[in-house]
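Taking it in order: structure first as structure tokens, then the write-up.
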Amino acid sequence: MHHGPLIAIIVAGLGLAFVFGAIAQRLRISPLVGYLVAGVAVGPFTPEFVADQGLANQLAEIGVILLMFGVGLHFSLKDLLSVKTIAVPGAVVQIGIATLLGLGLGTLLGWSPFSGAVFGLALSTASTVVLLRALQERRLVQTERGRIAVGWLIVEDIAMVLALVLLPVLAEVLNGTPSGGSAPLATRFDLGVWGVLGLTFAKLVGFLAFMLVVGRRVIPWVLHWVAHTGSRELFRLAVLAVALGVAYSAATLFGVSFALGAFFAGMILSESPLSQRAAEETLPLRDAFAVLFFVSVGMLFDPGILVRAPWALIGTLAIILIGKSVAAWLIVRAFGRSNAVALTISGSLAQIGEFSFILAGLGTALGILPPQGRDLILAGAILSILFNPVMFALVDRFAAEAPAAKPKPAVPAAEAGDADESPAPEPQPDAPPERDLTPTALTDHIVVVGYGRVGSLLGAGLLAQGTKLLVIEDNPNAVETAKRDGAELLIGNAADPEVLSAAGLGRAVRLFVAIPGSFEAGQVCEQARRENPALPIIARAHSDPEVAHLTKCGATLTIMGEAEIARAMLGLCRNLACTAKPEAETDAKPETEVEAEADAEAKPEAATEATEPAANLEAGAPVKPGEPRRLKPRTSARGPASEDPPAAA
């Protein structure tokens, strides 16, 4: 058996991406830079091994599909419509400005106006993968800034789909050459430019109608049926089949891009209770194929362009990094959004990606874009992706000053409700604030990181006891919940050392890390332990390896939810046995035996470090850092109600 080019590109791409990505991480720069360098190393412009560019692009397309499907799972139709008043006109105006700038540069280089316009259009659209990676790293996808950026991107994708369909027809009109069938029906019936535009728009509307009417019923039903089979493997396969199948069908039947089709498939599924599980199942493949996307981009880079046309390349980068960014910033500010929102949008769009490559390749094939234009677009894409982390670092630096004038979040619930009332639902960019680094003045307080399903139950219980509570959270919905409960808030990502420092951990009496991600929770535990070596830190986990990881990172206790649920169920069985009919008591096991089974059944080895009940922790029972605890299941005459704290965990 001989290996083929597919295996070679996967092995070489992922292997070199890991090596160069690790080096980039060691040098404290984005791993994306390492992935791009890996692509250059296996590209056609470097000696030795050369990977198959066509296969690399197809693998990268799968990454784009899975990435957009994952974004759709967390991006409801309501979110998309909530930003339509800024995303639609903003994207259209920004595309127009970038096209005019490209037309100007093309004129200086001696190209025709149409060539310059195509060149500018290719520079106007941002990369899906780069933008989403940057937003996900900063946990901004679910914020108002993230929703605007993603909505803006969707509008750009729709505009590029229209451009790809219209270009062959325009080339035929201008050059008198056959268009070759991007819109065969329009060509066959001689519909002209407006006919092609109308047909494309009709296909797009048809796809949206199909997804909203048919997909909205079929996709959730299929996944619910698969979930009830109990097979995790089959469920994972069903999710991938839906994502890839809808994306491929959208491109084949409706002429919509793979990315757009996958996004709408995820958005339809987001209304199902299974959306979170679907997102988790696609995460490993999504990350792997996203890496291959960056490798495929790096393969396109020809370092010779730096020598052949340095000034033209500088002009191209100026349009991408400065022209587009300034235009986006001015547009967002003109719509009344804050400086932080405007900076985030402008930084997100200061790069170009996959649609730019497709547009450049089609323009060159049709003879309406000179080869130099294609090379400049590819070089501009590589360098803008390399510079994008720097742009976001500048955004983080300047945007951090914006929340200074915002009110302190410890507001009564009534006032918080009044503050949220605004003339229109959209003007909520700064309520709640997305980052607030004002140090707390609390002492002898408890800090809760994360105010989701677990953190909100924990926080409500602590507040009911009169505890001084500080919540660290950056999800707008969770922030609003904490405000209504009356907790003091610190808006930001707890994994950020600056945010954690503002929580006053040196004066705190306990830290609860209630976020589900073990790696991010481990970072919080490590930094908190450095801030206050004696601070009791209680974290949550879902498996034995997560318990071990969090304990290694400095958690005093780690509560594994599954173990506590098992304890609650066993306690329920014991209580039922106590209240059984007298004649059935002879068949019931002694309570000591039930307790022994509780320890044997519900105790993974990790539970020895992980199971102090929430009631004891809330009551302020002293704990020593690093001391493992395991308590027997509690008995109570009250029955199942006594098991509320473990069930909540």
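- Of the charged side-chain nitrogens involved, none lies within less than 4.0 Å of a carboxylate oxygen, so that R529 and E526 do not count as a salt-bridged pair.
- Within the model, atoms CD1 of I352 and OG1 of T125 stand 9.0 Å from one another, a figure rounded to the nearest 0.5 Å.
- Nearest heavy-atom pair, C525 versus A539, reported as atom, atom and distance to 0.1 Å: SG-CB, 4.4 Å.
- Using the six-membered ring where Trp is involved, F210 and F254 have ring planes that are tilted, between 30° and 60° apart.
- Atoms OG1 and CD, from T558 and E546 in turn, are 10.0 Å apart once rounded to the nearest 0.5 Å.
- Residues V499 and L490 share a closest heavy-atom pair of O-CD2, 3.1 Å.
- Within the 4.5 Å cutoff, the side chain of F18 has no heavy atoms near those of the V291 side chain.
- Summarising the geometry of I472 relative to A494, their closest heavy-atom pair is CG2-CB, 3.7 Å, with the distance given to 0.1 Å.
- Although no hydrogens or angles enter the test, the distance criterion places a donor-acceptor pair under 3.5 Å between the side chain of E473 and the main chain of Y451.
- Here the straight-line distance linking atom CZ of R147 with atom CD1 of I86 works out to 12.0 Å at 0.5 Å rounding.
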- Query: Step by step, would you call D544 with M560 a side chain to side chain contact (heavy atoms under 4.5 Å, CB included)?
  - Reply: CA-CA 8 Å; D544 295 353; M560 190 160 67; 3.5 Å; yes
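- Put simply, CG on L458 and CD1 on I538 are 9.0 Å apart, with the number rounded to the nearest 0.5 Å.
- What you find for V471 and A487 is that their closest heavy atoms are CG2-CB, 3.7 Å.
- Legend: salt bridge (charged side-chain N to carboxylate O under 4.0 Å, His left out) pairs involving residues 236-245, not counting sequence neighbours, sorted by first then second residue: R236-E281.
- The shortest heavy-atom contact between R217 and L212 is NH1-O, 4.4 Å.
- Of the inter-residue distances, the one linking N388 atom CG with L349 atom CG reads 9.5 Å to the nearest 0.5 angstrom.
- Two residues are said to be in side-chain contact when any heavy atoms from C-beta on lie closer than 4.5 Å; I219 and V214 fail this criterion.
- Under the 4.5 Å side-chain criterion, counting only non-hydrogen atoms from C-beta, F264 is in contact with L208.
- Here the CD atom belonging to E562 is positioned 8.0 Å from the OG atom belonging to S543, to the nearest 0.5 angstrom.
- In this structure a side-chain-to-backbone donor-acceptor pair under 3.5 Å is present from E156 to A126.
- Looking at heavy atoms from C-beta onward, R540 lies out of side-chain contact with L550 at the 4.5 angstrom threshold.
- Residues L457 and R453 have side chains not in contact (no heavy-atom distance under 4.5 Å, counting atoms from C-beta outward).
- Between L66 and L240 the shortest side-chain heavy-atom distance falls below 4.5 Å.
- Nearest approach of V295 to G13, heavy atoms of both residues: CG2-O, 3.9 Å.
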